[in-house]
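For reference, the structure discussed in these notes is given below.
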Amino acid sequence: MDGDNSGLESDNYDWNTEDELEIENFQSSDLAVPNGDAITGSGEASSSPSSSNSKMFDHFVGMGFSEKLVSKVIQENGEENADSLLETLLTLSAVDSSPEKQQQNDLDYSSSDLEGSLLDDCSDIDSFSDNEEITKSVSENDGKLLTLVNMGYTVDVASVALERCGMNSSVDELIDFICAAQTAKAEDALMAPEEKPRCSNLTKQKKRSYYECEILGKKKLKGSEKKVFDEDEEMIHLPKPMVGFGVPTESFAITHRKLPESAIGPPYFYYENVALAPKGVWQTISRFLYDIEPEFVDSKYFCAAARKRGYIHNLPIQNRFPLLPLPARTIHEALPLTRKWWPEWDHRNKLNCLQTAYGSAKLTERIRKAIENYEGEPPPHVQKYVIEQCRKWNLVWVGRNKVAPLEPDEVEMLLGFPRNHTRGGGISRTDRYKSLGNSFQVDTVAYHLSVLKDMFPKGINLLSLFSGIGGAEVALYRLGIPLKNVVSVEKSEVNRNIVRCWWEQTNQKGNLIDLDDVQRLNGDRLEQLMNSFGGFDLIVGGSPCNNLAGSNRVSRDGLEGKESSLFFDYFRILDLVKCIMAKGQ
DNA sequence: AGTAGAATGAGAGACTTA
DNA sequence: TAAGTCTCTCATTCTACT
């Protein structure tokens, strides 16, 4: 430890939340949609001529233009050029929107409306990005209107916001206005008049718009303006060394931080994902999770294997303590039997990240043969090949010239789980590796959660989302924090069985409720559960990393990817719980 | 049907060198 | 300082085999 803590200072993060900047990025970029599909300029409408008419019509009506206006403009201009159609519609509607008419408009659209229009708008936005003249040709207010429409708001909504906030208002102010109106309306619809809790989702739609900006920003990276964009948009820098607010084995520690008002519990929450996500992902996650700075930690400071992860939580950070005994932190300590066979030319003392795939027996055989071709120490090129493969697949030495992948029980041990935690119950070896590879490093998580022990001597109620094999539950149990009621949501049946089995084996006194799908966990169900035991003390979850992880060559689509977009369900549920608990107070 | 083996790079940070 | 090199990454999918 060189005492260089600069990497941990707050200026190591760039929390540039300049709305205008992001909106600019948004405006001039291609569009992607939450399911991960990029929408190309051609658009669906033009790709299916048979339904072209109705689609173009529906497309603009769906954006909020009146049927009459759309019909008229299509009639006059044809439908070949969606860009010029939109321009005409925007110009006409801006002129047409009298204040009286706007006052009557209801600031009402559902999230599906937003998504729908976002989807539908793609071709237009893409084209706009290629045609700066169009943007320049409209007036300043038309530009703001266009920006809002591009972001998925209907023309009516955008017009009303512009009218109410005044022509000099910034786009950010306009978005704030729309968000506030939506929230007020949503609360009216959802809550009884006498009970309207102060709900943190006041900023939800705004945050959502940030998310959309992020998608666009990312797409832009792939374009010709990459360099400019990189310069303009400072990304989060990972701290070096990656020890978060502190780890037990290093002297450095930050013990105080100021959380944003909206971030403060109850409930406490704890979110986890891969540290090395595509650029912009952690900024988005952080913005959704109440602007809390992520704590990036490499579990190599806790055990013998690296695991670079980011954690966002609202837990206190002073008086943390580690699980005892402290785990072995070198390969030789963790796997003493390997020491005998470890060649001098293999200088590894830490394993790389324990992933879901593992080295094959055939590979280890090839390595053995490659080494056995030589007497004594193999030549440098062979050494290089062997070391390369060993690092790539986390192979360890188990005999003379013989390497092997870690056994599942060794992975369990390295990750802080009890031996045979994932064994049995009909799970295959491959699936054990997969479940373990997707799991928490228990010692790391427990260190962060340890502050709860004094606060909840009688135990906690836990909501565990994306539970996997129960890393959070195991961490809390090993900390000696009683688990009173645990609602565990996990899609994989074998994983649910593993947690259930562990629950029974450890003679838990509490109540375990397991559910299978976060997307089906709605407000009613949550309220019902929370009413039965009085709310959650802690909400833990590491949402899927499939579309964020560097190992994924096929679908590293970012936070809008098929699985990784489930992060938004984590946020949704967290926000719901906050609302319900606020209501109950 | 279930499992293991193998092929499939990009992206980004760390580090080195000119 | 800039460019080149090295290193690592909670994965996916197809094929062959039992």
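A sub-4.0 Å separation between OP1 or OP2 of C/dC10 and a side-chain N or O of A/Arg309 is present. Regarding contacts with the backbone of C/dT9, every side-chain N or O of A/Asn552 stays at 4.0 angstrom or more from both OP1 and OP2. The phosphate of B/dT3 (OP1 or OP2) has no side-chain N or O of A/Arg432 nearer than 4.0 angstrom. Phosphate proximity of C/dC10 to A/Gln355: absent, as no side-chain N or O sits under 4.0 Å from OP1 or OP2. In terms of phosphate contacts, A/Ser555 brings no side-chain nitrogen or oxygen within less than 4.0 Å of OP1 or OP2 of C/dT12. Proximity of A/Lys240 to the phosphate of B/dC15: a side-chain N or O atom is located under 4.0 Å from OP1 or OP2. Between A/Ser551 and C/dA11, a side-chain N or O to OP1/OP2 separation shorter than 4.0 Å is present.
No side-chain donor-acceptor contact under 3.5 Å links A/Arg419 to the backbone of A/Met413. Between the side chain of A/Asn314 and the backbone N or O of A/Phe269 there is at least one donor-acceptor pair closer than 3.5 Å. Formation of a donor-acceptor pair under 3.5 Å by the A/Arg478 side chain with backbone atoms of A/Gly416 is found in this model.
Across A/Trp282, A/Phe296, A/Phe245, A/Tyr270, a single residue satisfies ring pair (Phe, Tyr, Trp, His ring centres under 6.0 Å) together with A/Tyr311, and that is A/Tyr270.
Rounded to whole Å, the C1' atom of C/dT9 lies 15 Å from the corresponding atom of B/dT8. As rounded to the nearest Å, C/dC6 and B/dG9 have C1' atoms that lie 15 Å from one another.
Checked against C/dT9, B/dT8, C/dC10, the side chain of A/Val274 finds its nearest nucleotide in C/dC10. Distance from the side chain of A/Arg556 is smallest to B/dG11 among B/dG11, B/dA6, C/dT9. Nearest to the side chain of A/Lys279, among B/dG5, B/dG13, C/dT9, sits B/dG13. Of the listed nucleotides (C/dC10, B/dT3, B/dG5), B/dG5 has the atom at the smallest distance from the side chain of A/Ala361. Closest to the side chain of A/Val554, out of C/dT12, B/dG5, B/dC15, is C/dT12.
Taking atom CG of A/Leu276 as the reference point, atom C1' of C/dT7 lies 11 Å away to the nearest angstrom. Summarising the geometry, the separation between CG on A/Asn546 and C1' on C/dT9 is reported as 13 Å, rounded to the nearest angstrom. To the nearest angstrom, C1' of C/dC10 lies 10 Å from CG of A/Leu548. When the P atom of C/dC10 is taken as reference, atom CG of A/Asn352 falls 10 Å away, rounded to whole Å. Atom CD in A/Gln389 sits roughly 13 Å away from atom C1' in B/dA7 (whole-Å rounding). Nucleotide C/dA11 holds its C1' atom 12 Å from the CG atom of A/Asp557, rounded to whole Å. Atom CG in A/Asn394 sits roughly 11 Å away from atom C1' in C/dC8 (whole-Å rounding). One can place NZ of A/Lys392 at 13 Å from C1' of B/dA10, the figure rounded to the nearest angstrom.
A/Cys353 comes within 4.0 angstrom of sugar-phosphate atoms only, judged by non-hydrogen atoms across all strands, and of no base. Contacts of A/Arg429 with the nucleic acid, taken as non-hydrogen atoms under 4.0 Å apart, involve only primed sugar atoms and P, OP1 or OP2. Among the protein residues, A/Asn438 comes within range of the nucleic acid bases, having at least one heavy atom under 4.0 Å from a base atom. Residue contacts for A/Ser543: at a heavy-atom cut-off of 4.0 Å it reaches a base atom on one of the strands shown.
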In a table with atom names and distances, give each donor-acceptor pair under 3.5 Å that connects a side chain of residues 387-400 of chain A to protein atoms at least two apart or in another chain.
from, atom 1, to, atom 2, distance (Å)
A/Asn394, OD1, A/Asn352, N, 2.8
A/Asn394, ND2, A/Asn352, O, 2.9
A/Asn394, ND2, A/Cys353, O, 3.1
A/Trp397, NE1, A/Asp346, OD2, 2.8

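Taking the ring centre of A/Tyr290 as origin, the terminal cationic atom of A/Lys578 falls inside the region bounded by 6.0 Å and 45° from the ring axis.
Note on A/Lys434 versus A/Asp431: no salt bridge recorded, every NZ/NE/NH1/NH2 to OD/OE distance being 4.0 Å or above.
Among residues at least two apart or in separate chains, there is no side chain to side chain donor-acceptor pair (under 3.5 Å) pair with a member in residues 322-343 of chain A.
For A/Gly426 and A/Arg553, each mapped to the nucleotide of DNA chain B holding its nearest heavy atom, the one lying further toward the 5' end belongs to A/Gly426. Heavy-atom distances to DNA chain B give each of A/Ala549 and A/Ala277 a nearest nucleotide, and the one nearer the 5′ end belongs to A/Ala549. Each of A/Glu388 and A/Asn273 lies near DNA chain C, and the nucleotide nearest A/Glu388 is the one positioned closer to the 5' end.
No hydrogens or angles were tested; on distance alone, nothing pairs the side chain of A/Arg391 with the base of C/dC8 as donor and acceptor under 3.5 Å.
Between A/Phe567 and A/Tyr271, the distance from one ring center to the other falls under 6.0 angstrom.
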### Task
Would you write the dot-bracket representation of DNA chain B, where each base gets (, ), [, ], | or . depending on whether it forms a Watson-Crick or G-U pair under 3.5 Å and with which partner?
||||||||.|||||||||
